[in-house]
Amino acid sequence: MVNNVAFSVLDVSPIVAGGTVADSLRNTLDLARHAEKWGYERFWLAEHHNSPSIASSATSVVIAHVAAGTSTIRVGSGGIMLPNHSSLVIAEQFGTLEALYPGRIDLGLGRAPGTDHLAAAALRGASGRDGHDFPEQLEELRAYFAGRMPVRAIPGEGTSVPIWLLGSSDFSARLAAELGLPFAFAGHFSPQQLMPALELYHRNFQPSRVLEEPYAMVAMNVILADTDEEAARLATSGQQLFLSFIRNKPGPLPPPVDSMEELWTEREKWALQQNLGGSIVGGPDTVRTKLEKLIRDTRANEIMAVAHIYDHQARLRSYELLADLAGLRKPAAGTVRD
């Protein structure tokens, strides 16, 4: 079953303890180059702000960095938080990206701020947008691409960049279904809402000139190692990072630990389970079983793997194992795969 869906990568250019932003951006490009070689469908960057663990806040710039350093893999946003920006600016930015890297750019859009209230106010300024007018802003953006606005988006006008709607609740699922757009759900931090949102999307989908049938992507924390025990240890970096968020003491991505039991309270452990409980962690056999269930339950067309792993080589190894498990790598010409 895992061989029948596409697999992609979601990255935030993680800043690790003891590392620098420059290190993070170099590692992001290195991961993207490996993902391209291993057969992943797309490589998306996420917009977050005011976080000492994330270097992808200038998302369009990092997309250009990755697209310039690769040649075939699709590169895009997972996502651009549209209420943080002018629709005209996003049309121009992604029109430029599409002109530079034709046929390789995706525009995933979300309506959350991707940050805390203070940073959101700094980003959104006098506009005071809170996402409630997201459908209207989305229509405005599409109108810029279509050349239906009194102000022309150049570059941008006439650009056919695929637009995806992203969500962690049913709001964007409903809107994507209504407009006949592809939908990506943030299962990596909102697993409780995953099934209701996807069921709503499939049930209400209206065919459009973009899609005849629904296309659903599920983003999920997927961490592999050669053994279940090593994968579980690698996953503690992301768990510690989430702890720092709920304690309002954010920091860089920490190194893994042997056990979390002395680091969290029972209440914090419960909170992590609510947000990270859908994570798929283990050796190849364990992960295959869990992925098959996820794909069967969600009817996902594509899995976008997220891996908050401290050591860059271990992160590469995780994605390499996933590519092998999913059969992404094509055999070289003249060879026979067992």
Side-chain angles (χ1 to χ4, degrees), residues 1-10 39-44 46 73-82 90 94 98 103-112 131 134-143 145-146 159-222 278 280 290-306 322 326-328:
M1 183 181 293
V2 295
N3 304 105
N4 297 326
V5 301
F7 280 81
S8 296
V9 176
L10 177 62
Y40 283 91
E41 182 75 14
R42 64 191 91 239
F43 191 97
W44 280 6
I73 194 169
R74 297 194 66 87
V75 187
S77 59
I80 290 290
M81 301 296 107
L82 190 56
I90 297 305
F94 278 79
E98 177 64 21
R104 295 183 54 212
I105 302 299
D106 295 325
L107 175 52
L109 298 170
R111 68 186 184 100
F134 179 78
E136 291 76 21
Q137 196 182 7
L138 172 62
E139 176 53 33
E140 182 181 67
L141 174 63
R142 298 178 82 186
F145 283 135
T159 298
S160 57
V161 177
I163 291 178
W164 295 67
L165 295 194
L166 281 54
S168 57
S169 66
D170 64 0
F171 183 95
S172 291
R174 191 180 305 276
L175 184 60
E178 177 186 327
L179 298 176
L181 293 175
F183 177 60
F185 189 86
H188 57 303
F189 65 81
S190 186
Q192 305 294 328
Q193 298 298 318
L194 173 60
M195 290 307 302
L198 288 185
E199 287 172 3
L200 186 152
Y201 173 66
H202 282 106
R203 184 171 65 249
N204 293 284
F205 182 83
Q206 298 295 315
S208 70
R209 63 178 181 81
V210 177
L211 285 178
E212 293 184 0
E213 297 179 344
Y215 191 97
M217 176 196 290
V218 174
M220 189 60 69
N221 298 302
V222 182
I280 295 176
K290 292 181 178 181
L291 277 174
E292 287 178 346
K293 183 179 188 307
L294 176 69
I295 294 165
R296 183 171 58 250
D297 291 348
T298 62
R299 292 184 283 166
N301 302 95
E302 189 166 340
I303 301 296
M304 180 161 272
V306 187
L322 179 59
L328 303 185

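Just so it is clear, the values below take in all heavy atoms, side chains as well, and ignore hydrogens, waters and symmetry mates.
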Looking only at heavy atoms, what is the nearest atom pair of [X] and [Y], with distance?
X	Y	value
L200	A173	CD2-C, 3.9 Å
A197	S169	CB-O, 3.7 Å
A216	H202	CB-CE1, 4.1 Å
F7	L322	CE2-CD1, 3.9 Å
S172	G167	CB-CA, 4.2 Å

Do [X] and [Y] have side chains that approach each other closer than 4.5 Å (heavy atoms only, starting at C-beta)?
X	Y	answer
R142	L181	yes
F171	P135	yes
L211	P182	yes
I73	V9	no
H188	M304	no
F183	L198	yes

Inset, instruction - Show the numbers, then the answer: is there a side chain to side chain contact (heavy atoms under 4.5 Å, CB included) between M217 and R42? - result: CA-CA 12 Å; M217 176 196 290; R42 64 191 91 239; 3.8 Å; yes

Say whether, by atom type as modelled, one donor and one acceptor occur between the side chain of [X] and the main chain of [Y] under 3.5 angstrom.
X	Y	answer
R74	I105	yes
S77	G108	yes
S208	V210	yes
E98	G103	yes
T159	F145	no

Inset, instruction - Could you walk me through whether L194 and L294 pass the side chain to side chain contact (heavy atoms under 4.5 Å, CB included) test, one step at a time? - result: CA-CA 10 Å; L194 173 60; L294 176 69; 3.9 Å; yes

Legend entry - Partner residues of N204 under the side-chain hydrogen bond (donor to acceptor under 3.5 Å, both in side chains) criterion, sequence neighbours left out: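 For N204 there are no side-chain hydrogen bond (donor to acceptor under 3.5 Å, both in side chains) partners, ignoring immediate neighbours.
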
Legend entry - W44: partners by side-chain hydrogen bond (donor to acceptor under 3.5 Å, both in side chains), with sequence neighbours left out: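 Applying side-chain hydrogen bond (donor to acceptor under 3.5 Å, both in side chains) to W44 gives D106.
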
Inset, instruction - For F185, enumerate each residue passing the ring-ring contact (aromatic ring centres under 6.0 Å, His included) test, keeping only those at least two apart in sequence or located in another chain. - result: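 Here no residue qualifies.
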
Legend entry - Which residues share a salt bridge (charged side-chain N to carboxylate O under 4.0 Å, His left out) with E139, sequence neighbours left out: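 Salt bridge (charged side-chain N to carboxylate O under 4.0 Å, His left out) list for E139, sorted by chain: R148.
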
Report the distance from atom [atom1] of [X] to atom [atom2] of [Y], rounding to the nearest 0.5 Å.
X	Y	atom1	atom2	answer
E292	M1	CD	CE	6.0 Å
L291	I303	CG	CD1	6.5 Å
F134	E140	CZ	CD	12.0 Å
Y201	T298	OH	OG1	12.5 Å
L82	L166	CG	CG	11.5 Å
L141	F94	CG	CZ	9.5 Å

Inset, instruction - With sequence neighbours excluded, tell me which residues meet side chain to side chain contact (heavy atoms under 4.5 Å, CB included) with E41. - result: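 Scan of E41 (side chain to side chain contact (heavy atoms under 4.5 Å, CB included), adjacent residues dropped) gives A6, S8, E302.
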
Legend entry - Contacts of S168 that satisfy side chain to side chain contact (heavy atoms under 4.5 Å, CB included) - sequence neighbours left out: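 With sequence neighbours excluded, S168 shows a side chain to side chain contact (heavy atoms under 4.5 Å, CB included) to A186, F189, S190, given in chain and number order.
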
Inset, instruction - Look at atom CD of E212 and say whether more than 12 heavy atoms of other residues, nucleotides or ligands are closer to it than 6.0 Å. - result: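 No - once you tally the heavy atoms of other residues, nucleotides and ligands closer than 6.0 Å, there are 12 at most.
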
Inset, instruction - Test side chain to side chain contact (heavy atoms under 4.5 Å, CB included) on I295 and N4 and set out the steps. - result: CA-CA 10 Å; I295 294 165; N4 297 326; over 6 Å; no

Inset, instruction - Could you check whether the rings of W164 and Y215 sit parallel, tilted or perpendicular, using 30° and 60° as the cut-offs? - result: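 Ring orientation of W164 relative to Y215: perpendicular.
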
